[in-house]
Undergrad: 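Can you read through this structure? Questions will come right after.
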Amino acid sequence: MEQIQGVISIAGKRKALPQKECSKEIKAGMEREGKHGYYNEKMQDGVCVEFSAQSKNESFARMVAAAYVAQLNPTLEELSDIKTAVSEAVTNAIIHGYGEESGMICMRLAIQNEEVCIEVEDWGAGIIDVVAAMEPMYTTRPDMERSGMGFAFMEAFMDELFVCSQKNCGTLVRMKKKISRGVADGGGSEFVAGAV
């Protein structure tokens, strides 16, 4: 079995994670494959949605994330950042995780202390070299003219990015972003129908 790899990026600074930590995450993912309603301790008050790995569901995932985060009254920029990061994570799972195969994607969302945590998990092909995959312009699908900027966008738009993967077992992407709650100083935005 291939080695489990993981990377955490906080404010754009990356650090490789020990295999033991990633092994725990991947094992938990394998145990909950196909099970609904999973939340870890930090996501007890969150939501969990599963959907098939089809490109048409990428926009669905964006809308779910935007609607969920709206309770924090984010700025339009924060909302756009979250939607873009979710879009990239889900697209990666569809194209690189499953390719031409069918499969399921699980997205979990939770809020703690005005920080949103979003997990996107698949049980597809996995990533052989997570460190290399996180480099800008890296892609496993040059035939599809992929830009290789998915993880770079996730890093740029979110405060924290955690990626853990194992070949033939799947990939877990966890992203966190602090919402400014700028309403008191006039910096917030009211949720606008159609903005999702």
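This is a predicted model, so every value here is computed, not measured. Computed over heavy atoms, backbone and side chain alike; hydrogens, waters and symmetry mates excluded. FYI, the numbering just counts along the sequence from 1.
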Undergrad: Can you confirm whether E115 is buried at CD, in the sense that more than 12 heavy atoms of other residues, nucleotides or ligands lie under 6.0 Å from that atom?
TA: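 Atom CD in E115 is crowded, with more than 12 foreign heavy atoms closer than 6.0 Å.
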Undergrad: Quick one, I82 and M158 - any side-chain contact, counting heavy atoms below 4.5 Å?
TA: yes
Undergrad: Start with the C-alpha distance between I179 and V69, add both sets of side-chain angles, then the distance that settles side-chain contact (heavy atoms from CB on, under 4.5 Å), and finish with yes or no.
TA: CA-CA 9 Å; I179 302 300; V69 173; 4.2 Å; yes
Undergrad: Would a 4.5 Å heavy-atom cut-off, applied to side chains only, mark W123 and C106 as touching?
TA: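 A side-chain contact under 4.5 Å exists here.
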Undergrad: side-chain contact (heavy atoms from CB on, under 4.5 Å) between E78 and L72: does it pass, once the steps are laid out?
TA: CA-CA 11 Å; E78 289 167 336; L72 288 179; over 6 Å; no
Undergrad: Distance check, rounded to the nearest 0.5 Å: E121 atom CD versus M104 atom CE?
TA: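 Interatomic distance, E121 CD to M104 CE, rounded to 0.5 Å: 12.5 Å.
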Undergrad: Identify the two heavy atoms, one from S165 and one from V130, that lie closest to each other, and give their separation to 0.1 Å.
TA: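 Taking S165 first and V130 second, the nearest heavy atoms are CB-CG2, 3.9 Å.
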Undergrad: Say you draw a straight line from CE of M175 to OG of S9; how long is it, rounded to the nearest 0.5 Å?
TA: 12.5 Å
Undergrad: State which residues pass side chain to side chain donor-acceptor pair (under 3.5 Å) with S52; sequence neighbours excluded, sorted by chain then number.
TA: Q54, N57
Undergrad: Ignoring hydrogens, what is the shortest heavy-atom contact between A61 and M107? Give both atom names and the distance.
TA: O-CE, 3.5 Å
Undergrad: To the closest 0.5 Å, what do you measure between CD1 (I127) and CD1 (I4)?
TA: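 So the gap between those two atoms works out to 13.0 Å.
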Undergrad: With E160, which residues qualify under side chain to side chain donor-acceptor pair (under 3.5 Å), at least two apart?
TA: none
Undergrad: Heavy atoms only: give me the nearest L109-A65 pair and the separation to one decimal.
TA: CD2-CA, 3.6 Å
Undergrad: Please enumerate all residues that pass side chain to side chain donor-acceptor pair (under 3.5 Å) together with Q5, with sequence neighbours excluded.
TA: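 Side chain to side chain donor-acceptor pair (under 3.5 Å) list for Q5, sorted by chain: empty.
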Undergrad: Indicate yes or no: at least one non-hydrogen side-chain atom of E155 is less than 4.5 angstrom from one of E88.
TA: no
Undergrad: Could you check whether any side-chain heavy atom of M154 comes within less than 4.5 Å of a side-chain heavy atom of N92, counting everything from C-beta outward?
TA: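 Yes, at least one pair of side-chain atoms sits under 4.5 Å.
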Undergrad: With rounding to the nearest 0.5 angstrom, report the CD1 to NZ distance, I118 to K176.
TA: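 The NZ atom of K176 is 12.0 Å from CD1 of I118, to the nearest 0.5 Å.
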Undergrad: Just grab all the ring pair (Phe, Tyr, Trp, His ring centres under 6.0 Å) pairs involving residues 57-87, residues at least two apart or on different chains.
TA: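 Of all non-adjacent pairs touching residues 57-87, those that pass ring pair (Phe, Tyr, Trp, His ring centres under 6.0 Å) are F51-F60.
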Undergrad: As a quick check of understanding, evaluate side-chain contact (heavy atoms from CB on, under 4.5 Å) for E135 and R14, giving each step before the final call.
TA: CA-CA 11 Å; E135 290 300 319; R14 291 184 198 151; 2.8 Å; yes
Undergrad: Roughly how far apart are E114 CD and K177 NZ, rounded to 0.5 Å?
TA: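 One gets 14.0 Å once the value is rounded to the nearest 0.5 Å.
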Undergrad: Suppose we screen for side-chain contact (heavy atoms from CB on, under 4.5 Å). Which residues come up paired with I94, at least two apart in sequence or across chains?
TA: A53, V90, I105
Undergrad: What's the spacing between F162 CZ and I10 CD1 if we round to 0.5 Å?
TA: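 CD1 of I10 is found 11.0 Å from CZ of F162.
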Undergrad: Quick one: does T84's side chain have a donor or acceptor within less than 3.5 Å of a partner on S80's backbone?
TA: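 Checked: pair present.
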